[in-house]
Undergrad: 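Provided herewith is a single structure, encoded as structure tokens, for subsequent inquiry.
Numbers here simply count residues along the sequence, with the first being 1. The model shown is predicted, which means the values in this text are computed figures rather than measured ones.
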Amino acid sequence: MKLLITGGAGFIGSAVVRLAVARGHHVVNLDALTYAACLDNVASVADSPLYSFEQADIRDRAALDRIFSEHQPDAVMHLAAESHVDRSIDGPGTFIDTNITGTYTLLEAARAYWQARGKPQDFRFHHISTDEVFGSLGPTGLFTETTAYDPHSPYSASKAASDHLVRAWHETYGLPVVMTNCSNNYGPYHFPEKLVPVVILNALAGQPIPVYGQGENIRDWLYVEDHADALLLVLQEGATGRSYNIGGENEARNIDLVQTICAILDRLRPADAPYASLITHVADRPGHDARYAIDPARIRDELGWRPSVTLEQGLERTVAWYLDNEDWWRALQSRDGVGARLGVKA
């Protein structure tokens, strides 16, 4: 199968690219190479005859038409997105342009390509989204595929809009789509502005480890390589027009997650004092959702998928990866906004 993967130089996208190539798929990696992208993420497959790269913006219809025509993909996996909530608070316009207008432009290019080929029903447009579109949960309950949308940040609102566009293109034009909404990802190659790498890198630098509020916010954590496995499964075996929630079945409070990472670092890279002594509580961000939790029953029951990595195992692997790949993350620390507190302009 030949896959057109958008955002394939990003965190989740590159995990999908690496796994797809390893499984024998031809991959066309389409990425605009904005601030969070890094071609080092796919260096391990860059020389494979199964891999090719196209630098393009998903808002550029002419570029998309050329790429579809030249590469003739069997499926699209759409991961290209602006994804950092704090950045969406400071500058929502980029999220509207990329996540909404970009998705619309990609849908139209895919539809034109699909129609020109005679509307093959084995074509797939796989849209990858987030559980944040569902809003915030209380102490109990789980997000299902039928949970009403209730986004609370410019980021989640833009992703919700893109989800609605994909559904509309399926219902209106018959475009064969599948959709997934995932919980919080973590793992190797995670861009250094997100929580898990921030904790690791600040700890190693002996700098304060920021925790929003009291750290009571709860997330369901999904190891990125498990997520990539689930995405390829949904692409190949998911029912057309169906959505699937992908969760790690690993709920944790932010403060507990941070303390666990610190304890792992204490073992793997001991310092003069416990790393947890660097934890610093900072003002909460605006609109910070209290809890996300995924009900994975549909993907488990229909497709037989469950995560293979526990949170403890995944964090151990992730911390070890950052310790072993200092050249990778040091090269990214000079990029715009990395290491600074964002999302405080509201």
Side-chain angles (χ1 to χ4, degrees), residues 1-8 10-30 41-42 44-45 48 50-51 73-81 110 120-131 133 142-147 159 162-163 166-167 170 175-189 220-250 292-311 313-314 317:
M1 181 182 291
K2 178 174 279 191
L3 310 178
L4 175 60
I5 299 177
T6 72
F11 169 47
I12 301 174
S14 65
V16 177
V17 168
R18 294 190 302 269
L19 183 60
V21 171
R23 292 183 175 175
H25 298 295
H26 290 261
V27 170
V28 181
N29 178 3
L30 188 163
N41 297 3
V42 292
S44 62
V45 300
S48 170
L50 298 177
Y51 175 83
D74 302 305
V76 176
M77 299 186 74
H78 177 34
L79 294 108
Q121 285 305 301
D122 58 351
F123 179 79
R124 288 291 181 273
F125 185 104
H126 183 179
H127 177 64
I128 290 86
S129 189
T130 171
D131 61 359
V133 300
L142 300 169
F143 294 136
T144 72
E145 289 81 1
T146 59
T147 297
K159 288 298 291 185
S162 70
D163 291 6
V166 173
R167 285 194 177 92
H170 172 65
L175 185 69
V177 310
V178 288
M179 298 178 55
T180 50
N181 296 79
C182 68
S183 58
N184 280 43
N185 280 226
Y186 70 102
Y189 299 101
D220 174 21
W221 292 92
L222 174 63
Y223 193 60
V224 69
E225 293 176 6
D226 270 346
H227 188 198
D229 175 61
L231 292 178
L232 288 172
L233 178 66
V234 170
L235 177 73
Q236 295 176 280
E237 299 186 20
T240 303
R242 201 111 164 108
S243 65
Y244 297 87
N245 283 354
I246 304 172
E249 300 183 41
N250 285 304
Y292 305 143
I294 288 279
D295 179 354
R298 177 176 290 180
I299 191 170
R300 181 185 65 233
D301 296 345
E302 294 186 9
L303 304 183
W305 185 87
R306 294 196 76 165
S308 67
V309 179
T310 67
L311 183 57
Q313 292 169 335
R317 295 180 192 179

Undergrad: Please report the closest heavy-atom contact between V42 and G8, naming both atoms and the distance.
TA: CG1-O, 3.5 Å
Undergrad: Does a side-chain heavy-atom distance below 4.5 Å link E249 with P296?
TA: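 They are in contact (side-chain heavy atoms under 4.5 Å apart), so the answer is yes.
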Undergrad: Is any side-chain heavy atom of D220 less than 4.5 Å from a side-chain heavy atom of Y292?
TA: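 When only atoms from C-beta onward are counted, Y292 and D220 do not touch, as no gap falls below 4.5 Å.
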Undergrad: Quick one: list whatever passes ring-ring contact (aromatic ring centres under 6.0 Å, His included) with Y189, sequence neighbours left out.
TA: W321, W328
Undergrad: Using 0.5 Å steps for rounding, measure from the OH atom of Y244 to the OG1 atom of T180.
TA: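 Nearest 0.5 Å value for the OH-OG1 distance: 10.5 Å.
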Undergrad: Would you sort out whether N29 and Y51 count as a side chain to side chain donor-acceptor pair (under 3.5 Å), showing the intermediate values?
TA: CA-CA 8 Å; N29 178 3; Y51 175 83; 3.0 Å; yes
Undergrad: Checking D226 against S308 for the side chain to side chain donor-acceptor pair (under 3.5 Å) test, could you report, in this order, the C-alpha distance in whole Å, the side-chain angles of both residues, the deciding distance, and whether it holds?
TA: CA-CA 7 Å; D226 270 346; S308 67; 2.6 Å; yes
Undergrad: Any non-hydrogen side-chain atom of N181 less than 4.5 Å from a side-chain atom of D163?
TA: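 Of all side-chain heavy-atom pairs linking D163 with N181, at least one is under 4.5 Å.
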Undergrad: Do L30 and L4 come close enough that some side-chain heavy atom pair is under 4.5 Å?
TA: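 In contact.
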Undergrad: Of all the heavy-atom pairs spanning V166 and F125, show the shortest one and how long it is.
TA: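 It is CG2-CE2, 4.2 Å.
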Undergrad: Nearest 0.5 angstrom please: L311 CG to Y223 OH, how far?
TA: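 Output value for this atom pair is 11.5 Å.
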Undergrad: Say whether, by atom type as modelled, one donor and one acceptor occur between the side chain of T6 and the main chain of A80 under 3.5 angstrom.
TA: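 Side chain of T6 to backbone of A80, a donor-acceptor pair under 3.5 Å: yes, one is there.
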Undergrad: Do R242 and E302 meet the salt-bridge criterion of a basic N to acidic O distance under 4.0 Å?
TA: yes
Undergrad: Taking all atoms of both residues into account, what is the closest heavy-atom pair of I294 and D131, and its distance?
TA: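 Taking I294 first and D131 second, the nearest heavy atoms are CD1-CB, 3.8 Å.
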Undergrad: D74 side chain to K2 main-chain N or O, any donor-acceptor pair under 3.5 Å?
TA: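 A pair under 3.5 Å: yes.
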Undergrad: Identify the two heavy atoms, one from N41 and one from G10, that lie closest to each other, and give their separation to 0.1 Å.
TA: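 Here N41 and G10 meet closest at ND2-O, 3.5 Å.
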Undergrad: Kindly say whether F143 contributes a backbone atom to a donor-acceptor pair with the side chain of D295 at under 3.5 angstrom?
TA: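 Side chain of D295 to backbone of F143: no pair is present.
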Undergrad: Just say parallel, tilted or perpendicular for the rings of H78 and H127, cut-offs at 30° and 60°.
TA: tilted
Undergrad: Please confirm whether the backbone N or O of I128 pairs with a side-chain atom of K159, one donor and one acceptor, at under 3.5 Å?
TA: yes
Undergrad: Could you pull out the closest heavy-atom pair between V16 and I5, with the gap in Å?
TA: CG1-CD1, 3.8 Å
Undergrad: I'd like to check the ring-ring contact (aromatic ring centres under 6.0 Å, His included) partners of H227; sequence neighbours left out, ordered by chain and number.
TA: none
Undergrad: What's the shortest heavy-atom distance between A15 and V224, and which atoms?
TA: CB-CG2, 3.8 Å
Undergrad: Sequence neighbours excluded and cut-off under 3.5 Å, please list the side-chain donor-acceptor pairs for residues 228-237, or say none.
TA:
residue, atom, partner, partner atom, Å
D229, OD1, R23, NH1, 3.3
D229, OD1, R23, NH2, 2.6
D229, OD2, W305, NE1, 2.9

Undergrad: Is the closest side-chain heavy-atom distance between H126 and L3 below 4.5 Å?
TA: no
Undergrad: Donor-acceptor pair, N185 side chain versus S183 backbone, under 3.5 Å?
TA: yes
Undergrad: Sub-3.5 Å donor-acceptor pair from the side chain of R298 to the main-chain atoms of S243, do we have one?
TA: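 Such a contact is found between R298 side chain and S243 backbone.
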